[in-house]
> 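Just dropping this structure here.
Computed from a predicted structure; not experimentally measured. Below, read A as the first sequence line, B as the second, and so on, with proteins coming before strands; counting in each chain starts at 1.
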Number of protein chains: 2
Amino acid sequence: MSNSENSPVRESPIPMSECGAALAIEQVPDRWTWLILREMLYGVGRFADIQADIGIPKSVLSGRLTQIVENGLAKKKAYRDGSSRTRHAYVLTQKGRELAPVILALMQWGDKHIKNGESALELTDKRSGNPVKIGIVHKGGALPLRWLSFAPAHKKDPAKSPD
Amino acid sequence: MSNSENSPVRESPIPMSECGAALAIEQVPDRWTWLILREMLYGVGRFADIQADIGIPKSVLSGRLTQIVENGLAKKKAYRDGSSRTRHAYVLTQKGRELAPVILALMQWGDKHIKNGESALELTDKRSGNPVKIGIVHKGGALPLRWLSFAPAHKKDPAKSPD
DNA sequence: TTTCTGAGTTTGACATTTGGACTCTGCTCT
DNA sequence: AGAGCAGAGTCCAAATGTCAAACTCAGAAA
């Protein structure tokens, strides 16, 4: 990486107002928002389901969903399962779906550093079926998001990832 | 991606307690912690400098730094610049440095969706000098973190990234 | 019409965050 | 040695956010 040398830098090379990361953090400012987006990434979109999965108080969930929709990360969609009544679910927009690499990078990090290399979710290239990960690539060398597929990992011995 | 079909999933395929992402979020639970780690990634490590850059109240910074150190993401190091007095700076540990892909993915997202494609930081492969990004790669196809170098982008017209 | 259920909103006690003032420590200057 | 000073906190009251439980509301079912 660039620096990490002896004497520390005095000032961030990119001021907050121009830093994509700082601006992004404003749209996903807290734990709950991350967890909600994680649920949506998995396809869990109904109010009560999200609430049950992550244990968030209803009032807080309500507020966060409003924010998430306002920021254009998800939208509320009506759907109907088996001629029953109309229901609503929150689904990620394109903008929201493109946060997937961030969440998955976070997951990789957690799997490595907190779960000692045991990952619960397996990422694959939808076409070839080959395993993939989030990493540093030459420009043009990344797979498009739409080829990404994930499924719960079959419990294997947690061999260290060969990369 | 996997689902995003008509009727939503009822339950997350990975419970919180086994999800690397959920566990990771616990170590970086809020806005301030992310911003502090961003500063450290840039090499800004002194208390007062971090405070000035991101505008965090001292008492909060103090608390967050304690947490960050407890979680093993950074450690406090003494250093001396030019025969002056001993000073202290917080520097990322290996564990902390490996959050770089997450922060950079977040930055890419922010650059694309909030700054309309104009990125302030340029990532390159330290050896070849070629531009790189964070993305989905086949296992074994990613560049190691230590080859990553970054520098403020020279202001160009914000051409959309060709990937 | 009444009941039920999912999806919120309101309420009020409790906890955290803020920003400013204050403290402590260890150089450095004289 | 003593005074001065900057870095790195700590402390405090007010503003803000969080929680769980109770309440509301709309549409489908009975």
> Taking CD from A/Gln51 and C1' from D/dA21, how many angstroms apart are they, rounded to a whole number?
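The answer, rounded to whole Å, is 12 Å.
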> B/Trp34 versus B/Val102: any side-chain heavy-atom pair under 4.5 Å?
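With C-beta onward as the side chain, the pair touches.
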> Kindly determine whether B/Lys75 and B/Tyr90 satisfy side chain to side chain contact (heavy atoms under 4.5 Å, CB included), including the steps that lead there.
CA-CA 5 Å; B/Lys75 58 188 204 303; B/Tyr90 293 87; over 6 Å; no
> State whether the side chain of A/Asp53 and the backbone N or O of B/Ser12 hold a donor-acceptor pair below 3.5 Å, judged by distance alone.
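Yes: the side chain of A/Asp53 pairs with the backbone of B/Ser12.
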> Is the base of C/dG19 touched by the side chain of B/Ser59 through a donor-acceptor pair closer than 3.5 angstrom?
yes
> Apply side-chain hydrogen bond (donor to acceptor under 3.5 Å, both in side chains) to A/Lys95 and list each qualifying residue two or more places apart in sequence or on a separate chain.
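Residues passing side-chain hydrogen bond (donor to acceptor under 3.5 Å, both in side chains) with A/Lys95: A/Gln27.
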> List every contact pair, protein side and nucleotides 2-8 of chain C side both N or O, where the distance is under 3.5 Å.
| unit_1 | atom_1 | unit_2 | atom_2 | d |
| --- | --- | --- | --- | --- |
| C/dG8 | OP1 | A/Lys76 | NZ | 3.1 |
| C/dG8 | OP1 | A/Tyr90 | OH | 3.4 |
| C/dG8 | OP2 | A/Tyr90 | OH | 3.1 |
| C/dG8 | N7 | A/Lys58 | NZ | 2.9 |
| C/dG8 | O6 | A/Lys58 | NZ | 2.8 |

> Side chain to side chain contact (heavy atoms under 4.5 Å, CB included), that's the test. Do B/Ile54 and B/Glu39 meet it? Break it down for me.
CA-CA 8 Å; B/Ile54 68 178; B/Glu39 289 293 305; 3.7 Å; yes
> Once you round it to whole Å, what is the distance between C1' of C/dA15 and CZ of A/Arg31?
15 Å
> Is there side-chain contact between B/Ile134 and A/Pro101, with heavy atoms separated by less than 4.5 Å?
no
> Can you see if the side chain of B/Trp32 gets near the phosphate of C/dT16 - specifically, an N or O under 4.0 Å from OP1 or OP2?
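No, outside the criterion.
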> Quick one: is D/dT18 close enough that its OP1 or OP2 comes under 4.0 Å of any side-chain N or O from A/Arg64?
yes
> Bend across the helix from C/dT3-D/dA28 to C/dT30-D/dA1, to 10°, with axes taken over 5 pairs at each end?
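So the angle between the two local helix axes works out to 10°.
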> Measure from CG on A/Leu61 to C1' on D/dA20 and round the result to the nearest Å.
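So the CG-C1' distance, A/Leu61 to D/dA20, works out to 14 Å.
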> Please confirm whether the backbone N or O of A/Glu18 pairs with a side-chain atom of B/Lys115, one donor and one acceptor, at under 3.5 Å?
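Side chain of B/Lys115 to backbone of A/Glu18: a pair is present.
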> In whole Å, what is the span from the CD1 atom of B/Ile36 to the C1' atom of C/dT17?
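Distance, rounded to whole Å: 13 Å.
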> Mark yes or no for whether B/Thr93, through its side chain, and B/Leu73, through its backbone, hold a donor-acceptor pair below 3.5 Å.
yes
